[in-house]
Amino acid sequence: MKVSLSINQQDVQVEVPAYRTLIDLLRAKGFWSVKHGCEDGQCGSCSVIVDGRAVHSCSRLAAQVEGKSVTTYEGFRSDSRYTSLKEALMNLVDLDCGYCIPGMMVSIMALLEANPEPPEEDVKDALRGSRCFCKATLNDLSNVMEAIDKIRGKW
Ligand code: FES
């Protein structure tokens, strides 16, 4: 079947089998930030933004994003406004591997699209859907909140 969508603001048309998941479509297109993890909608490694909402791409079929706008971490990774947020997250999880960082970034970016001034509790909620496979705990969010303030100043 043919699916038309936008990936990081580029219109694409792809021919996919009906069973192809969104994560497999994105990785086949070279969006390696979209990571395989639990494959069960539990860990957030595969998170992408679809029409403004963070979704687990392992739990979506490619056909379900027909006509939609998909944003992966690659869509904003080179934007320097987000560097401090990435660094804050890397410090937060006391980086061992960084596997979870793109999913966390995507979750926070989706939150900021919905609410540019989220309270800390909402940021915590957004990150709850992301599991750090190194088992870091997400306790002190002060650096993350500071990074969000910086982004907000440059919106
Ligand atoms: Fe999709 Fe874990 S791989 S939520």
When rounded to the nearest 0.5 Å, the distance separating CG of Leu141 from CD1 of Ile148 is 8.0 Å
Side chains of Ile108 and Leu89: closer than 4.5 Å at any heavy-atom pair?
yes
* Asked: With hydrophobic residues grouped by side-chain heavy-atom distances under 4.5 Å, do Val55 and Leu111 end up in a single group?
  -> no
query: Are Leu127 and Met105 grouped together when hydrophobic residues (ILVMFWY) are joined by side-chain heavy atoms under 4.5 angstrom apart?
result: yes
Beyond-backbone contact of Val106 with Thr71, side-chain heavy atoms, under 4.5 angstrom:
no
Please answer: with hydrophobic residues joined when any side-chain heavy atoms are less than 4.5 Å apart, are Met1 and Val65 in the same cluster?
-> yes
Honestly curious: do Leu22 and Val3 fall in one hydrophobic cluster under the side-chain, below-4.5 Å linking rule?
yes
Worksheet item: Do the charged groups of Glu121 and Arg128 touch, with an N to O distance under 4.0 Å?
Response: yes
To the nearest 0.5 Å, atom OG of Ser57 lies from atom CZ of Arg27 at 9.5 Å
Interatomic distance, CG@Leu112 vs CZ@Phe76, rounded to 0.5 Å, equals 9.5 Å
Notebook entry, point to check: Judged by atom type as modelled, is there a donor-acceptor pair below 3.5 Å linking the side chain of Asp51 to the main-chain atoms of Ser69?
Noted result: yes
| task | Determine whether Cys58 and Ile23 make a side-chain contact, defined as any pair of heavy atoms from C-beta on separated by less than 4.5 Å. | result | yes
>> Donor-acceptor pair, distance only, cut-off 3.5 Å: does the side chain of Glu146 make one with the backbone of Leu85?
In response: no
message: Using only atom types and a distance under 3.5 Å, with no angle test, would you say the side chain of Glu74 pairs donor to acceptor with the backbone of Ser33?
response: yes
Any heavy-atom pair between the side chains of Lys68 and Ser6 that's under 4.5 Å? no
*Hey, any chance Ile49 and Val123 share a hydrophobic cluster, counting ILVMFWY side chains that come within less than 4.5 Å of each other, even indirectly?*
yes
Side-chain touch Arg20/Leu61, heavy atoms, less than 4.5 angstrom: no
With sequence neighbours left out, the residues meeting side chain to side chain donor-acceptor pair (under 3.5 Å) with Gln13 are Ser4
Counting only pairs under 3.5 Å, give me each side-chain donor-acceptor contact of residues 34-41, with atom names and distances, residues two or more places apart or in other chains.
residue, atom, partner, partner atom, Å
His36, ND1, Glu39, OE1, 3.3
His36, ND1, Glu39, OE2, 2.7
Glu39, OE2, Gly37, N, 3.3

Mind checking whether Lys2 and Val14 have side chains closer than 4.5 Å, heavy atoms only? no
Distance col, row Asp125:CG vs Asp122:CG, nearest 0.5 angstrom, shows 6.0 Å
Here the pair of heavy atoms bringing Met145 nearest to Pro119 is CE-C, 4.1 Å
Exercise. Would you find more than 12 non-hydrogen atoms of other residues, nucleotides or ligands less than 6.0 Å from Gln10 atom CD?
Worked result: no
Exercise for the section: Answer yes or no: is there a side-chain heavy-atom contact under 4.5 Å between Phe31 and Asn8? Expected result: yes
message = Is there a side chain to side chain contact (heavy atoms under 4.5 Å, CB included) between Cys100 and Arg131? Walk through the geometry before answering.
response = CA-CA 7 Å; Cys100 58; Arg131 187 189 333 144; over 6 Å; no
### Within-4.5 Å side-chain heavy-atom neighbours: Lys86 and Tyr73
yes
Which of Lys150, Met109, Glu87 passes side chain to side chain contact (heavy atoms under 4.5 Å, CB included) with Tyr82? It is Met109
**Report entry** Any donor-acceptor pair under 3.5 Å from Ser130 side chain to Gly44 backbone
**Finding:** no
